[in-house]
Amino acid sequence: RHPLATFFHLFFRVSAIVTYLFCDWFSNSFVACFVTILLLLSFDFWSVKNVTGRLLVGLRWWNQIDEDGKSHWVFEAKRVPTIAASTEAEARIFWLGLIICPVIWTIFFFSTLFSLKLKWLALVIAGISLQTANLYGYIHCKLGGQKTISRVTSRLFGTADVPKRQSRRISEDGTEDYGKTGTR
């Protein structure tokens with residue numbers, strides 16, 4: 001069980017949303033609100049990508065640049081034969097937080113756009129970008145090397161060589177790697 005990781009998985013996400021909603025009540029400074037929310041979003045991105053994904057669902061992802069300057073995405077999934085009830089609940093919390101928060105930031109985007117509060121638009125786009133990047137990475141880790149997913153993502157991001165790099169490798173520590181592996 002990882003109650004601290006579960007707490008911080010939701011803490012930074014919910015704090016950024018609550019701060020966005022009520023920041024005008026506590027401060028008249030747009031810059032202070034902007035920086036606070038951006039820091040919370042950054043802390044959330046880092047903690048989800050580097051800590052809670054590994055602990056709660058056994059997944060991780062990263063991007064590496066090779067010597068030629070080409071970008072390679074690496075997706076790992078740890079094989080866990082049986083999941084205890086407590087870790088299953090933590091996994092549900094992880095996935096719900098990962099899916100619901102980008103939806104909330106998308107709603108914020110449209111409300112900001114239609115209410116013409118354009119100064120907040122950059123912050124909302126940053127929120128959507130950071131939250132969606134984690135969602136994309138973990139969905140790719142979860143679904144692994146399925147060629148249909150890599151075809152869809154290659155069309156979406158314009159990288160035609162993604163399906164070629166989707167080789168599956170099981171390392172010594174029991175993790176499955178999808179994509180090109182190497183030093184980080």
> Run the side-chain contact (heavy atoms from CB on, under 4.5 Å) check on Glu76 and Trp61 step by step: do they pass?
Replying inline: CA-CA 6 Å; Glu76 281 186 354; Trp61 61 274; over 6 Å; no
> Which pair of heavy atoms, one from Gly137 and one from Phe75, lies closest together, and at what distance?
Replying inline: O-CD2, 3.6 Å
>> If I take atom CG from residue Leu130 and atom CG from residue Leu40, how far apart are they, to the nearest 0.5 angstrom?
In response: 11.5 Å
> Does Leu55 belong to the same Ile/Leu/Val/Met/Phe/Trp/Tyr cluster as Leu135, with side-chain heavy atoms less than 4.5 Å apart forming each link?
Replying inline: no
> With hydrophobic residues grouped by side-chain heavy-atom distances under 4.5 Å, do Leu10 and Val51 end up in a single group?
Replying inline: no
>> Let's go through Ile17 and Cys101 carefully: what are the C-alpha distance in whole Å and the side-chain angles of both, what is the deciding distance for side-chain contact (heavy atoms from CB on, under 4.5 Å) to 0.1 Å, and is it a yes or a no?
In response: CA-CA 8 Å; Ile17 291 169; Cys101 289; 3.9 Å; yes
> What distance do Glu90 atom CD and Leu56 atom CG have between them, rounded to the nearest 0.5 Å?
Replying inline: 5.5 Å
>> Is any side-chain heavy atom of Val48 closer than 4.5 Å to one of Leu98?
In response: yes
> Residues two or more places apart in sequence or in another chain: which of them pass side chain to side chain contact (heavy atoms under 4.5 Å, CB included) with Leu118?
Replying inline: Leu113, Leu121
>> Let me check something: do Ile100 and Val57 share a hydrophobic cluster, defined by ILVMFWY side-chain heavy atoms less than 4.5 Å apart, either directly or through other members?
In response: yes
> For Leu123, which residues count as a side chain to side chain contact (heavy atoms under 4.5 Å, CB included) partner, sequence neighbours excluded?
Replying inline: Tyr20, Phe34, Ile37, Leu38, Leu41, Trp120
> Atom SG of Cys23 and atom CG of Asn28: how far apart are they, to the nearest 0.5 Å?
Replying inline: 9.5 Å
> Once the angle between the rings of Trp105 and Phe108 is folded into 0 to 90°, is it parallel (under 30°), tilted (30 to 60°) or perpendicular (over 60°)?
Replying inline: perpendicular
> For the side chain of Asp68 and the backbone of Lys70, is there at least one donor-acceptor N/O pair under 3.5 Å apart?
Replying inline: no
>> Looking at every non-hydrogen atom in both residues, tell me the closest pair between Ser29 and Ser27 and how far apart they are.
In response: N-OG, 3.1 Å
>> Between His72 and Asn63, do the side chains contain a donor N or O and an acceptor N or O under 3.5 Å apart?
In response: no
> Is there a chain of hydrophobic side chains (I, L, V, M, F, W, Y, each step under 4.5 Å between heavy atoms) that links Val103 to Leu96?
Replying inline: no
> Would you call Pro102 and Ile128 a side-chain contact if the rule is heavy atoms closer than 4.5 Å?
Replying inline: no
> Which value, rounded to the nearest 0.5 Å, describes the distance between Thr6 atom OG1 and Ile93 atom CD1?
Replying inline: 5.5 Å
> Taking only residues two or more places apart in sequence or in another chain, which ones pass side chain to side chain contact (heavy atoms under 4.5 Å, CB included) with Ser129?
Replying inline: Ile125
> Roughly how far apart are Ser47 OG and His9 NE2, rounded to 0.5 Å?
Replying inline: 8.0 Å
>> Let's go through Phe94 and Tyr138 carefully: what are the C-alpha distance in whole Å and the side-chain angles of both, what is the deciding distance for side-chain contact (heavy atoms from CB on, under 4.5 Å) to 0.1 Å, and is it a yes or a no?
In response: CA-CA 10 Å; Phe94 176 84; Tyr138 282 111; 3.9 Å; yes
> Got a sec, which residues hit side chain to side chain contact (heavy atoms under 4.5 Å, CB included) with Leu4, two or more places apart in sequence or on another chain?
Replying inline: Phe8
>> Once salt bridge (Lys or Arg N to Asp or Glu O under 4.0 Å) is applied, what residue pairs with a partner in residues 9-37 remain, sequence neighbours excluded?
In response: Arg13-Asp44
> For residues 91-111, which residue pairs qualify under salt bridge (Lys or Arg N to Asp or Glu O under 4.0 Å), counting only residues two or more places apart or in two chains?
Replying inline: Glu88-Arg92
>> So, taking the atom named CD1 in Ile99 and the one named OG1 in Thr132, what distance separates them when rounded to the nearest 0.5 Å?
In response: 11.5 Å
> Passes side-chain contact (heavy atoms from CB on, under 4.5 Å), Trp95 versus Lys142? Steps please.
Replying inline: CA-CA 11 Å; Trp95 286 107; Lys142 180 80 172 166; 3.9 Å; yes
> So do the side chains of Trp62 and Lys49 get within less than 4.5 Å of each other, counting heavy atoms only?
Replying inline: yes
